[in-house]
*Asks:* 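Would you mind keeping the following structure in view while I ask a few things?
Numbers for residues simply follow the sequence, beginning at 1.
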Amino acid sequence: MRRVTFISDRHVGLVSAFPRVFPNNPHGFCFRHLMANLSDKFPAGSYLKDRIPYLFMCCAYSRTPEMYQFNMEFLRSEGGDIVAQFLEDLRKENWCMAYSNGERFGEMTNNLAESFNNWVLPLKSLPILDINDGIRVKSMASIAARKQDAQEWLSELCPAIEKKLKENLEVGRHWRVSRSDTYVYEVHCQKYNSMVNLETRFCSCGEWQLYGFPCSHALVVIQQHGSSPYLYVNELYKVEKCRETYSFPINLLPSISKPVHDFGRDAVILQPPLTRRPPGRPRKKRFRKRSEKTRVIKCGRCGKCDGHNRKSCTAPI
């Protein structure tokens with residue numbers, strides 16, 4: 001059975017439930033939530049309020065243990081006791097790429113859940129049955145559209161991954177390659193050297209192991225070795241896997257032909273709870289944290305940031 005890596009916002013209930021429900025699956029923490037929690041520990045306007053989260057980001061995205069230790073020294077020296085206390089109960093296997101014990105493919109946040117919440121936002125004010133049916137219809141249409149798009153792809157990799165492959169090939173176009181063994185090579189870059197092992201799919205930069213996708217060093221070596229780059233790409237990046245993902249449509253639930261059930265006189269019909277509607281208009285938007293920054297709209301015509309854009313601008317020029 002395949003091990004699936006879960007990424008959550010480090011909620012207390014989830015942290016305690018994961019070892020019991022999914023004991024053999026890795027559990028990672030969302031980097032964005034951790035960075036926001038760390039930023040809240042410093043006063044507003046402080047130099048460290050932006051500096052410490054940046055250093056924490058460098059530690060989280062470190063691809064090798066050596067890079068992690070190098071960045072962690074800067075974080076601890078500048079953050080002091082606040083950072084030391086924050087990291088005390090935080091295992092690096094849950095948030096650092098270099099020590100991750102599961103396949104994350106470079107995913108460090110739970111943005112997928114945030115995107116889903118925003119996707120179903122218009123449905124949240126409806127009754128529960130209408131919410132479920134609305135999510136079903138939206139998911140059904142989305143799966144059908146993605147299935148149709150995947151059928152039209154002619155490349156071996158998904159379009160975004162195919163573009164990434166070409167970009168990585170272009171980066172290492174001028175690097176020199178030296179052979180050490182049958183599958184072991186050394187790549188001579190401008191500022192450093194990297195070791196690549198094609199047999200174990202290993203690169204000393206750490207990117208190949210973390211993403212399941214050959215880095216620029218590995219692609220240069222693959223070309224030198226005379227192999228096809230597609231043989232060294234994880235199967236999940238290929239078009240066939242994408243088509244397989246969306247090959248199971250959501251079944252329809254027509255209601256026009258369903259008869260109205262007669263429950264009889266003795267049937268107990270569950271009524272809605274007796275609740276009192278609170279005063280005011282119901283809130284639809286969630287409460288945002290203080291650390292969340294809202295997008296500032298700047299007018300491209302007058303240059304002001306008061307919420308209007310070029311199309312609605314009435315300022316005299």
*Asks:* Heavy atoms only: give me the nearest Cys302-His308 pair and the separation to one decimal.
*Replies:*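 Smallest interatomic distance, heavy atoms only, reads SG-NE2, 3.4 Å.
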*Asks:* Using the side-chain contact (heavy atoms from CB on, under 4.5 Å) criterion, which residues pair with Asn111? Sequence neighbours excluded.
*Replies:* Thr109
*Asks:* Show the nearest heavy-atom pair for residues Pro229 and Leu165, with the distance to one decimal.
*Replies:*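 Reported closest heavy-atom pair: CB-CD1, 4.1 Å.
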*Asks:* For residues Cys30 and Asn110, report the shortest heavy-atom separation together with the two atoms involved.
*Replies:* SG-OD1, 3.0 Å
*Asks:* Write down the atom of Met67, the atom of Arg63, and the distance for their closest heavy-atom approach.
*Replies:* SD-N, 3.8 Å
*Asks:* Does anything in residues 130-140 pair up under side-chain hydrogen bond (donor to acceptor under 3.5 Å, both in side chains), and if so which pairs, sequence neighbours excluded?
*Replies:* Asp133-Arg136
*Asks:* Does the side chain of Ser115 pick up a donor-acceptor pair with the side chain of Asn118 at under 3.5 Å?
*Replies:* no
*Asks:* Tell me who clusters with Leu126, hydrophobic residues only, linked when side chains sit under 4.5 Å apart either directly or through other members.
*Replies:* Phe116, Trp119, Val120, Leu123, Ile131, Ile135
*Asks:* Just to verify, what does His11 make a side-chain contact (heavy atoms from CB on, under 4.5 Å) with, not counting sequence neighbours?
*Replies:* Asp9, Leu14
*Asks:* Which class fits the ring pair Phe56 and Phe31: parallel under 30°, tilted 30 to 60°, perpendicular over 60°?
*Replies:* parallel
*Asks:* Taking ring-ring contact (aromatic ring centres under 6.0 Å, His included) as the definition, give me every residue that meets it alongside Tyr230, ordered by chain and number, with sequence neighbours left out.
*Replies:*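 By the ring-ring contact (aromatic ring centres under 6.0 Å, His included) rule, Tyr230 matches no residue at all.
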*Asks:* Please report the shortest heavy-atom distance between Lys298 and Gly303, naming the atom on each side.
*Replies:* CE-O, 3.5 Å
*Asks:* Please report the C-alpha distance between Trp175 and His217 in whole Å, then the side-chain angles of each, then the deciding distance to 0.1 Å, and finally whether the ring pair (Phe, Tyr, Trp, His ring centres under 6.0 Å) criterion is met.
*Replies:* CA-CA 9 Å; Trp175 293 345; His217 313 106; 5.0 Å; yes
*Asks:* Please list all pairs meeting side-chain hydrogen bond (donor to acceptor under 3.5 Å, both in side chains) that have one or both residues in residues 93-102, counting only residues at least two apart or in different chains.
*Replies:* Arg91-Asn94
*Asks:* Between Arg104 and Glu107, does any side-chain N to carboxylate O distance fall below 4.0 Å?
*Replies:*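 Salt bridge flag = no for Glu107 with Arg104.
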*Asks:* Which class fits the ring pair His27 and Phe29: parallel under 30°, tilted 30 to 60°, perpendicular over 60°?
*Replies:*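 His27 vs Phe29 ring planes: perpendicular.
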